[in-house]
Visitor: 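Can you read through this structure? Questions will come right after.
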Number of protein chains: 4
Amino acid sequence: MSEQNGAPNETGRIEAFSDGVFAIAITLLILEIQVPPQTPHGSLRTALVNLWPSYLAFLASFMTIGVMWLNHHRLFTLINKKDDGLIAFNLLLLLGVTWLPFPTALLAEHLLGAHADQQIAALVYSGSFLALAIVFNVMWRYAVRVRIVNDDANVAGITRQYSLGPILYGALVGVALLDAEWCLVLSALIALYFALPPSLWSRR
Amino acid sequence: MSEQNGAPNETGRIEAFSDGVFAIAITLLILEIQVPPQTPHGSLRTALVNLWPSYLAFLASFMTIGVMWLNHHRLFTLINKKDDGLIAFNLLLLLGVTWLPFPTALLAEHLLGAHADQQIAALVYSGSFLALAIVFNVMWRYAVRVRIVNDDANVAGITRQYSLGPILYGALVGVALLDAEWCLVLSALIALYFALPPSLWSRR
Amino acid sequence: MSEQNGAPNETGRIEAFSDGVFAIAITLLILEIQVPPQTPHGSLRTALVNLWPSYLAFLASFMTIGVMWLNHHRLFTLINKKDDGLIAFNLLLLLGVTWLPFPTALLAEHLLGAHADQQIAALVYSGSFLALAIVFNVMWRYAVRVRIVNDDANVAGITRQYSLGPILYGALVGVALLDAEWCLVLSALIALYFALPPSLWSRR
Amino acid sequence: MSEQNGAPNETGRIEAFSDGVFAIAITLLILEIQVPPQTPHGSLRTALVNLWPSYLAFLASFMTIGVMWLNHHRLFTLINKKDDGLIAFNLLLLLGVTWLPFPTALLAEHLLGAHADQQIAALVYSGSFLALAIVFNVMWRYAVRVRIVNDDANVAGITRQYSLGPILYGALVGVALLDAEWCLVLSALIALYFALPPSLWSRR
């Protein structure tokens with residue numbers, strides 16, 4: 001798919017399958033927002049405003065999946081060889097990605113629910129992201145260790161940026177216990193942070 | 001993916017991911033049309049006829065997403081380098097594309113509802129298209145500014161055609177306030193306009 | 001994507017987008033089969049048997065979409081140049097493909113319903129296939145006329161096989177008026193016929 | 001897509017379409033897990049715990065589809081020529097893959113239901129996997145027989161590993177008659193077994 005200059009693209013079909021899963025998971029998020037039904041008294045405006053937890057959850061999860069795709073893309077640009085372990089870690093990562101529409105809908109449904117339910121939903125939501133951040137780190141470190149990473153890759157910079165993932169999402173789990181709405185807003189901000197190019201980290 | 005003659009295809013995986021999102025969003029539209037359930041007295045014909053707002057919304061949104069894909073495809077044919085800003089704008093564009101099944105179902109549901117609800121639904125529908133037209137323009141102008149566009153690209157022609165987007169969709173928002181059905185019909189006609197090849201504009 | 005030997009693959013991204021739409025439409029079919037809910041008295045076996053119209057409709061539509069993909073694939077192997085008219089016809093074809101899950105679910109729901117409803121559902125089902133067969137023919141003839149077809153293509157053989165499409169699906173519309181179940185079974189058989197390689201027709 | 005070193009990639013578009021179907025089927029699995037609705041008394045924790053059959057079915061089916069994709073990928077790496085019979089067998093395989101979200105949701109729904117329903121659901125689930133294992137074997141043997149397999153392919157090793165598929169899934173059908181939960185757990189373990197690289201088998 002990408003980078004076909006000279007050398008064969010060994011990871012092409014893994015990337016194509018992963019792209020498919022990322023693209024579908026990110027697009028399925030919208031199915032979780034229910035269209036308010038017709039009512040005789042024309043209260044659609046209110047009904048749409050009351051859906052704000054769904055919009056916020058849609059946006060935060062879109063950003064998170066989008067940025068994960070971005071990092072997956074950057075990562076596989078640096079990986080030059082197919083490897084059975086890499087494929088296994090990648091499937092684990094995709095398991096997490098296909099799972100995300102569920103916690104997204106769960107948090108949207110319960111963001112304004114009973115307090116205990118808000119907490120549980122936010123824990124499942126932030127916990128899912130924490131698990132994905134850990135898998136991303138393990139996969140990257142594995143790729144570095146088995147030497148399937150390009151020589152010119154900024155290994156230290158990427159490792160530094162990725163390392164912050166479990167820390168930030170671990171803190172998000174803590175926030176989930178306190179306030180589900182802040183948990184959602186902060187998850188969007190963390191996604192923005194990971195959208196920054198890793199070159200920023202190497203320059204430090 | 002496309003254009004692999006000689007130079008490596010730098011934007012390949014961005015296009016593959018975008019193609020996936022466009023293809024899924026355009027195919028999910030059909031899920032919004034509910035199949036009329038069995039009834040003992042055989043009234044399916046009437047039930048199917050009464051679904052015309054859903055067919056019209058399906059058609060208008062299919063055309064709009066299809067034509068956006070077409071323009072995305074044309075645009076990336078002209079872009080010869082990967083760029084972090086381009087990827088960010090592209091994710092913003094895809095956010096809008098994945099969002100579209102929601103306003104489509106919303107307008108279909110409320111096209112024959114209370115007048116105030118028709119208005120709200122048509123505003124959300126046309127406003128979503130306006131936002132996408134603006135993102136398309138900003139992304140194109142950005143690509144031109146950071147010089148990742150091919151030398152032989154018809155920059156002036158494309159800029160002229162795209163500029164009309166926010167104007168036409170802005171007018172559509174005005175129509176939405178007056179008549180939801182015309183808003184739907186006109187959105188299909190605007191899609192047809194953007195399906196025209198930009199070469200027509202350069203010949204003027 | 002395919003055929004990258006020497007010449008650049010001009011139709012690559014059209015094929016990628018079309019593959020995506022075909023793949024999603026064919027996979028969404030399963031969402032139309034509702035899982036029977038839990039009951040205290042354990043009647044799942046009967047409930048599953050009673051779903052046979054859904055299985056049959058799933059199978060017939062899977063075969064039809066699968067074989068349309070096959071023919072789309074064969075056709076684009078023979079087309080060597082991108083063309084705006086071709087892209088427009090292709091979008092029209094994809095409109096039909098994304099539409100198919102609706103008539104499939106419609107016929108499954110009403111196959112055992114009131115007789116008038118069976119007829120309507122079978123007419124919508126067979127009529128959708130007839131429209132797609134016509135678009136396929138028009139697209140192929142257009143591609144031949146604007147000379148974007150490979151010199152070694154078996155034009156006469158393909159034209160002959162495709163011509164039978166509107167005739168067979170026209171007859172299917174007639175069958176729909178008489179018997180919805182036969183309409184479904186015959187649509188699967190017609191799909192099998194179009195799965196045959198066109199080389200069989202040229203040898204006559 | 002993959003392996004473009006020198007020779008043209010004849011099976012590229014078959015793989016792209018198959019990747020799409022695998023990616024969509026694996027991602028649709030999550031739609032089957034229903035989000036528990038809001039309740040005034042905050043019982044989400046219990047509701048989520050009670051969904052464990054859905055999580056288990058999601059995980060087992062994700063693993064099975066993921067590992068089937070892996071084997072499909074390995075298999076097509078070894079196949080060097082397009083063939084009409086191969087395409088037909090591949091469509092049959094994809095028919096099975098698109099079907100899987102249904103038995104997955106069926107078993108999740110009835111895993112804690114009436115005993116007779118558990119049995120039926122587990123039979124449909126394991127029987128679907130058995131059918132897919134048979135199709136995989138038939139397709140591989142066909143490819144070997146019509147000589148479209150690379151000379152350096154480890155034919156004996158793959159044939160040996162694949163042969164175990166129908167045996168293991170046949171045994172799973174037997175387990176389904178006895179205990180639906182064990183059937184689900186064992187299906188995940190069988191998936192793990194098929195994730196092992198076939199090179200392990202050739203070394204014996």
Side-chain angles (χ1 to χ4, degrees), chain C residues 1-7 9 11-12 15-16 18-49 51 54-55 58-59 61-63 65-67 69-70 72-74 76-77 191-192 195-200, chain D residues 1 4 6-29 31-32 34 53 82-85 87-88 90-92 94-124:
Chain C
M1 199 93 97
S2 45
E3 331 322 288
Q4 279 146 346
N5 32 343
N9 178 6
T11 57
E15 287 169 66
S18 305
D19 278 354
V21 170
F22 275 108
I24 300 152
I26 214 170
T27 317
L28 286 185
L29 293 172
I30 197 66
L31 293 184
E32 310 288 358
I33 311 188
Q34 298 294 318
V35 170
Q38 268 191 37
T39 56
H41 41 288
S43 56
L44 181 59
R45 185 193 297 251
T46 319
L48 284 179
V49 170
L51 277 177
S54 291
Y55 310 138
F58 169 72
L59 188 67
S61 292
F62 183 96
M63 288 170 67
I65 298 182
V67 166
W69 170 77
L70 198 63
H72 190 269
H73 172 46
R74 280 184 193 146
F76 274 82
T77 308
L192 277 185
L196 297 174
S199 53
L200 291 178
Chain D
M1 199 93 98
Q4 280 147 346
N9 178 4
E10 286 229 2
T11 57
R13 210 178 149 194
I14 306 172
E15 287 170 65
F17 180 67
S18 305
D19 277 354
V21 170
F22 276 107
I24 299 151
I26 214 170
T27 318
L28 286 185
L29 293 172
L31 293 185
E32 309 289 358
Q34 297 295 318
K82 223 158 48 183
D83 174 280
D84 280 318
I87 291 176
N90 193 53
L91 277 177
L92 197 60
L94 295 181
L95 173 66
V97 171
T98 61
W99 164 257
L100 288 182
F102 179 72
T104 303
L106 187 74
L107 187 48
E109 172 74 20
H110 294 279
L111 195 66
L112 304 177
H115 183 73
D117 291 358
Q118 289 179 21
Q119 237 180 12
I120 293 283
L123 276 175
V124 173

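Throughout, protein chains are lettered first and strands after them, A, B, ... in sequence-line order, and every chain is numbered starting at 1.
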Visitor: Quick one: does D:Glu32's side chain have a donor or acceptor within less than 3.5 Å of a partner on D:Thr104's backbone?
Guide: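 Between the backbone of D:Thr104 and the side chain of D:Glu32 there is no qualifying donor-acceptor contact (under 3.5 Å).
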Visitor: Using non-hydrogen atoms only, which part of D:Leu106 is less than 4.5 Å away from chain C: side chain, backbone, both, or neither?
Guide: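 Both parts, backbone and side chain.
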Visitor: Are the side chain of C:Tyr55 and the backbone N or O of C:Ile33 linked by a donor-acceptor pair below 3.5 Å?
Guide: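 Checked: no pair found.
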Visitor: I'd like to know if the side chain of D:Asp117 reaches the main chain of C:Leu44, judged simply by a donor and an acceptor atom lying under 3.5 Å from each other, with no hydrogens or angles considered.
Guide: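 Yes.
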Visitor: Report which part of C:Phe22 has an atom under 4.5 Å of a heavy atom belonging to chain D: side chain, backbone, both, or neither.
Guide: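 Its backbone and side chain both get close to chain D.
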Visitor: What part of D:Ala23 gets closer than 4.5 Å to chain C, counting heavy atoms only: side chain, backbone, both or neither?
Guide: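 No part of it gets close to chain C.
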Visitor: Can you tell me if C:Gln38 uses its side chain to pair, donor with acceptor, with the backbone of D:Glu109 under 3.5 Å?
Guide: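 Between the backbone of D:Glu109 and the side chain of C:Gln38 there is a qualifying donor-acceptor contact (under 3.5 Å).
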Visitor: Against chain D, work out which of C:Pro37, C:Gly66, C:Gly20 has the most heavy-atom pairs shorter than 4.5 Å and name it.
Guide: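 Max contact count across the listed options: C:Pro37.
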Visitor: Can you tell me how far the CD atom of C:Glu15 sits from the OG1 atom of C:Thr77, to the nearest 0.5 Å?
Guide: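 Nearest 0.5 Å value for the CD-OG1 distance: 6.5 Å.
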Visitor: How are the rings of C:Phe58 and C:Phe62 set relative to one another: parallel (under 30°), tilted (30 to 60°) or perpendicular (over 60°)?
Guide: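 Aromatic pair C:Phe58/C:Phe62 classed tilted.
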Visitor: Among D:Leu123, D:Thr98, D:Ile120, who wins on heavy-atom pairs under 4.5 Å with chain C?
Guide: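 Maximum pair count with chain C is reached by D:Thr98.
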Visitor: For C:Ile65, is it the side chain, the backbone, both or neither that has a heavy atom under 4.5 Å from a heavy atom of chain D?
Guide: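 The answer is neither part of C:Ile65.
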Visitor: Taking side chain as everything from C-beta outward and backbone as N, CA, C, O, which of these in D:Leu28 sits under 4.5 Å from a heavy atom of chain C? Side chain, backbone, both or neither.
Guide: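 Only the side chain of D:Leu28 comes within 4.5 Å of chain C.
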Visitor: Does any heavy atom of chain D fall under 4.5 Å from the side chain of C:Ser43, the backbone, both, or neither of them?
Guide: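 Just its backbone gets close to chain D.
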Visitor: Which one, D:Leu112, D:Val21, D:Val124, D:Leu100, leads in non-hydrogen pairs under 4.5 Å with chain C?
Guide: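 If we count pairs closer than 4.5 Å to chain C, D:Val21 comes out on top.
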Visitor: Under a 4.5 Å heavy-atom cut-off, does chain D meet the side chain of C:Leu48, its backbone, both or neither?
Guide: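 The answer is the side chain of C:Leu48.
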Visitor: With no hydrogens and no angle check, is any side-chain donor or acceptor of D:His110 less than 3.5 Å from a backbone partner on C:Pro36?
Guide: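 Flag set: sc D:His110 to bb C:Pro36 pair under 3.5 Å.
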